[in-house]
There are 2 protein chains.
Amino acid sequence: MARKEKLRLGAFLMIPGHHVASWRYEHSNAEGVLDYGFYRQAAKTAERGKFDMVFLADGYAVHERFPQALEQAVQVRLEPLTLLSALAADTEHVGLAGTVSTTYNEPFHVARKFASLDYISEGRAAWNVVTSNTEDEARNFSRDKHLLHELRYERAEEFVDVVRRLWDGWEDGALLADKEGARFADRSKIHRTDHQGKWFQVQGPLNVARPPQGHPVVIQAGASEPGKELAARTAEVIFTAWQTLEEAQAFYRDVKGRLARYGRQPADLKIMPGVFPIIGRTEEEAREKKARFEELIPVEAGVALLSGLISFDLSPYPVDGPLPQLPQLEQVNGGKSRFQLLQSLADREGLTIRQLYQRVAGARGHREILGTPTQIADQLQEWFENGAADGFNIMPPYLPGGLEDFVDLVVPELQRRGLFRTEYEGKTLRDRLGLRRPDNGFAAKPAGSSATAG
Amino acid sequence: MARKEKLRLGAFLMIPGHHVASWRYEHSNAEGVLDYGFYRQAAKTAERGKFDMVFLADGYAVHERFPQALEQAVQVRLEPLTLLSALAADTEHVGLAGTVSTTYNEPFHVARKFASLDYISEGRAAWNVVTSNTEDEARNFSRDKHLLHELRYERAEEFVDVVRRLWDGWEDGALLADKEGARFADRSKIHRTDHQGKWFQVQGPLNVARPPQGHPVVIQAGASEPGKELAARTAEVIFTAWQTLEEAQAFYRDVKGRLARYGRQPADLKIMPGVFPIIGRTEEEAREKKARFEELIPVEAGVALLSGLISFDLSPYPVDGPLPQLPQLEQVNGGKSRFQLLQSLADREGLTIRQLYQRVAGARGHREILGTPTQIADQLQEWFENGAADGFNIMPPYLPGGLEDFVDLVVPELQRRGLFRTEYEGKTLRDRLGLRRPDNGFAAKPAGSSATAG
């Protein structure tokens, strides 16, 4: 069925590419991983392609899961908030989404930094809320152990609530700058946060006024049961990972179905699965590219990637043997949904450890789509028109070329089909995503204020 | 006596000006306090004037010290790290100094953000280390009470040490990006932090390689006894507040004299007092400007400013009476040196509360210099050539005009006298400040590596 609204696109900027061996690929810019100019070029390419946003993942540790980890994996990256702020100055339209963990940060700082980015970018900021999932990160913040999965989500929920209250502390119009009347601000429109919770006590108000978007867009990625519930209550975009149309449809129905209970409409939450596109002028060229990437994966790096994705150390096991007996899902204290996804993939197809890491070394659990620009567009269209996605987070295998191919070859095809914008509409990221500007929790609600845009 | 080296200049960008009533002044941009374009313009003006750096103060709270505080004071500002990152993209030469407190942050995040800013700006980042001084800030971070002065400095010292170790974790040259040899990095040049201290346990290494400057420049502002000792051990620039040449000389001698005990040279630390310049084409015009600012101060805002500076609530006392009996210095848990400075100023000149707040409403405890461009230059030259300062942090009363006047009228005069650069030298902020690039604490030290530049 044809959809009236357009699909949305995010550009997942993992440098020098989403494939774990991207840094070895002859056309990737492996020298430029800490070079701001590399990011600027990629963001400008995404903007040229009319992407809704660029998206930066993040983590707070260097991992040494295997002896060669420090040699064979790219473990350095610029910090998202500083990087996105620079990109705000160097771009005009594209949204700027950054990952910040609720487990190792303070709500006041997070609210302020995203508010600040929203001012600097004139309404293009988005926060991808994650809860972190490794012990290595805990050990960089004076803790012995990573917080348990349930507690992380409990903390995350309270954290997001506090951040939203901080963003609402100054009503729209609270700043007067009235020189004659000696009133810089209208105190009747300034509200303390006064939060007394289990995890945080925050007096407020924030020392930045309400951001241009009201709230920067809130993105969430967890697909576990508490993750879905948190998303249904608080997220405006979900970034998710599915292999098959059926799984993605089931997830889409599930999460959209949870919204009503929080007084929300289906349009208030956009579901954007990650896709890993391998693009060739012919299908054969795409397959050759894929094979080339696979042969570039150092064995230890492949095993380590897989171990990280399932939060279980596979290095003691034969690489050409099957997956060993894994712990029960309840015992997993990492990304639970990713664990489940990979275990069922291995079981279903009887894959060895090597085959499984080759399978995930590019998409890392997300959907791989391969072929000509037409075939790539077909695969996106199928999910978009069949209740599986409102848009996609595009994960180029390598940069800059992987994103340039998508922008120059696939975007025009999506535009020809009427599936994607040809010009930026509106002004803010919310306008582009078709998300309404949130009401202020402190302000008196005008009647009929629940209308949604887009 | 003439000095061989040039003086250094920082532009203290308090928006819309350093004077507490700047937002009421007819030529200030009071509407633009959260407008990034206003900051961009100011930073470009500083760069046009060949300033070493722009400097952003910061705090983590809105204060309600008096009933009208929310109405009559500018309490919102953009967050420094996001703002400086955007300015990095919009400028080429000027250094970028931001204030971040060690009391309400984590060393891993601070090390990473400044490392990231240093990459984005290609070696122009500086961190102004503060310890915060209000209860309002504590209450935004789940704490009832502000940490005691001594404990704040103890924490700060450990914090800065950990940050430096994190910056050193990847030696220069650790990133190889060797595609053929399958070595992205050289693990023999990557070092864990392994810090186990009283305040922090940090495993490391950082997930950003060593910054372009080795370490971003470390600035410090405290002038109390522990503040001076921390500065002598760790700071590369001191931002300080003195009223008289004699005080400034004594401080200069004192701090420079402490360096040897930490194996440092006098040139390793630049002392840059704050100055608040009121510039007129004639001295009379400058005096009229000053009087105009004074009449614009709302009484409550003046009393509140003063109360904040001395960490003591003056609102119950008659504004045209003397300062009441203040607590002993030992009981003060705010900025101790500022407290001392203002108390002795009031005592020395027998000032009322109103007279004292008028005196501090502009310079806020820093040195006020007033007059024609020639007179302003004279006053800077006197301190620079008489062992009181290596440079100055310029605090324009209002923006954008106050900085434009300094750049267009005073800078050319300083250049004519041979006191200030006419073109940017070197590439990094360290090059401009005449600070050497620090050795890496983990790397084998080359012989004779203690040479200083500048």
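Below, chains carry the letters A, B, ... as their sequence lines are ordered, and counting in each starts from 1.
Proximity to chain A is limited to the backbone of Glu26(B), based on heavy atoms less than 4.5 angstrom apart. Within the 4.5 angstrom heavy-atom criterion, only backbone atoms of Trp199(B) (N, CA, C, O) approach chain A. In this structure, the portions of Glu31(B) lying under 4.5 Å from any heavy atom of chain A include both its backbone and its side chain. The contact between Asp178(B) and chain A is made entirely by backbone atoms, counting heavy-atom distances below 4.5 Å. Residue Thr193(B): no heavy atom, backbone or side chain, is found under 4.5 Å from chain A. Neither the backbone nor the side chain of Arg40(B) comes within contact range of chain A; no heavy atom of the residue lies under 4.5 Å from a heavy atom of that chain. Using a 4.5 Å cut-off between heavy atoms, Leu81(B) contacts chain A through both its backbone and its side chain. Residue contact with chain A, scored on non-hydrogen atoms closer than 4.5 Å, involves the backbone of Leu206(B) exclusively. For Ile120(A), the parts sitting under 4.5 Å from any heavy atom of chain B are the backbone and the side chain alike. Of the atoms belonging to Gln196(B), not a single heavy atom falls under 4.5 Å from chain A. With a 4.5 angstrom heavy-atom cutoff, Ala88(B) does not touch chain A via any of its atoms.
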Between Asn105(A) and Tyr60(A), does a side-chain contact (heavy atoms from CB on, under 4.5 Å) hold up when you go through it step by step? CA-CA 11 Å; Asn105(A) 284 288; Tyr60(A) 304 138; 3.1 Å; yes
Give the C-alpha distance, both sets of side-chain angles, the deciding distance and a yes or no for side-chain contact (heavy atoms from CB on, under 4.5 Å) between Thr91(A) and Arg124(A). CA-CA 10 Å; Thr91(A) 57; Arg124(A) 295 186 279 141; 2.9 Å; yes
Using side-chain contact (heavy atoms from CB on, under 4.5 Å), reason through Asp194(A) and Gln203(A) one step at a time and then give a plain yes or no. CA-CA 4 Å; Asp194(A) 281 336; Gln203(A) 176 178 275; 4.3 Å; yes
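Taking CD of Glu122(B) as the reference point, atom NZ of Lys427(B) lies at 4.5 Å (rounded to 0.5 Å). How far NZ of Lys189(B) is from CG of Leu175(B): 10.5 Å, rounded to the nearest 0.5 Å. Rounding to the nearest 0.5 angstrom, the gap separating the CG atom in Leu166(A) from the NE2 atom in His195(A) is 9.5 Å.
Of the charged side-chain nitrogens involved, none lies within less than 4.0 Å of a carboxylate oxygen, so that Arg143(A) and Glu137(A) do not count as a salt-bridged pair. We find that Arg155(A) and Glu158(A) are not joined by a salt bridge, their nearest charged nitrogen and carboxylate oxygen being 4.0 Å or further apart. Using a cutoff of 4.0 Å between basic side-chain nitrogens and carboxylate oxygens, Asp168(A) and Arg165(A) are not scored as salt-bridged.
The greatest number of non-hydrogen atom pairs below 4.5 Å with chain B, out of Ala177(A), Ser85(A), Gly204(A), is found for Ser85(A). Between chain B and the residues Gly59(A), Ser121(A), Pro80(A), the largest count of heavy-atom pairs under 4.5 Å involves Gly59(A). Taking chain B as the reference chain and counting heavy-atom pairs below 4.5 Å, the highest number among Lys179(A), Arg183(A), Gln201(A), Arg192(A) is found for Lys179(A). Comparing Pro16(B), Gly197(B), Ala89(B) by how many heavy-atom pairs each has under 4.5 Å with chain A, the most go to Ala89(B). Considering only heavy-atom pairs separated by less than 4.5 Å from chain B, the leading option among Glu180(A), Glu106(A), Arg24(A) is Arg24(A). Looking only at heavy-atom pairs under 4.5 Å with chain B, the residue among Gly169(A), Ala182(A), Ala174(A), Ala30(A) that has the most is Ala182(A). Between chain B and the options Phe200(A), Phe184(A), Phe141(A), heavy-atom pairs under 4.5 Å are most frequent for Phe184(A).
Between Phe293(B) and Tyr398(B), the ring planes lie tilted relative to each other; the angle falls in the 30° to 60° range.
Among residues 111-119 of chain A, the residues having any heavy atom closer than 4.5 Å to a heavy atom of chain B are, in sequence order, Arg112(A), Lys113(A), Ser116(A), Tyr119(A).
In this structure, Gln72(A) contributes its side chain and Pro298(A) its backbone to no donor-acceptor pair below 3.5 Å. A donor-acceptor contact shorter than 3.5 Å is absent between the side chain of Asp58(B) and the backbone of Glu79(B). The backbone N or O of Phe159(A) lies less than 3.5 Å from no partner atom in the side chain of Thr102(A), so there is not a single donor-acceptor pair.
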Which atom pairs, donor and acceptor, lie under 3.5 Å between side-chain atoms of residues 32-39 of chain B and protein residues at least two apart or in another chain?
unit_1: Asp35(B); atom_1: OD1; unit_2: Gly37(B); atom_2: N; d: 2.9
unit_1: Tyr36(B); atom_1: OH; unit_2: Ala86(B); atom_2: O; d: 3.2
unit_1: Tyr36(B); atom_1: OH; unit_2: Asp90(B); atom_2: OD2; d: 2.7

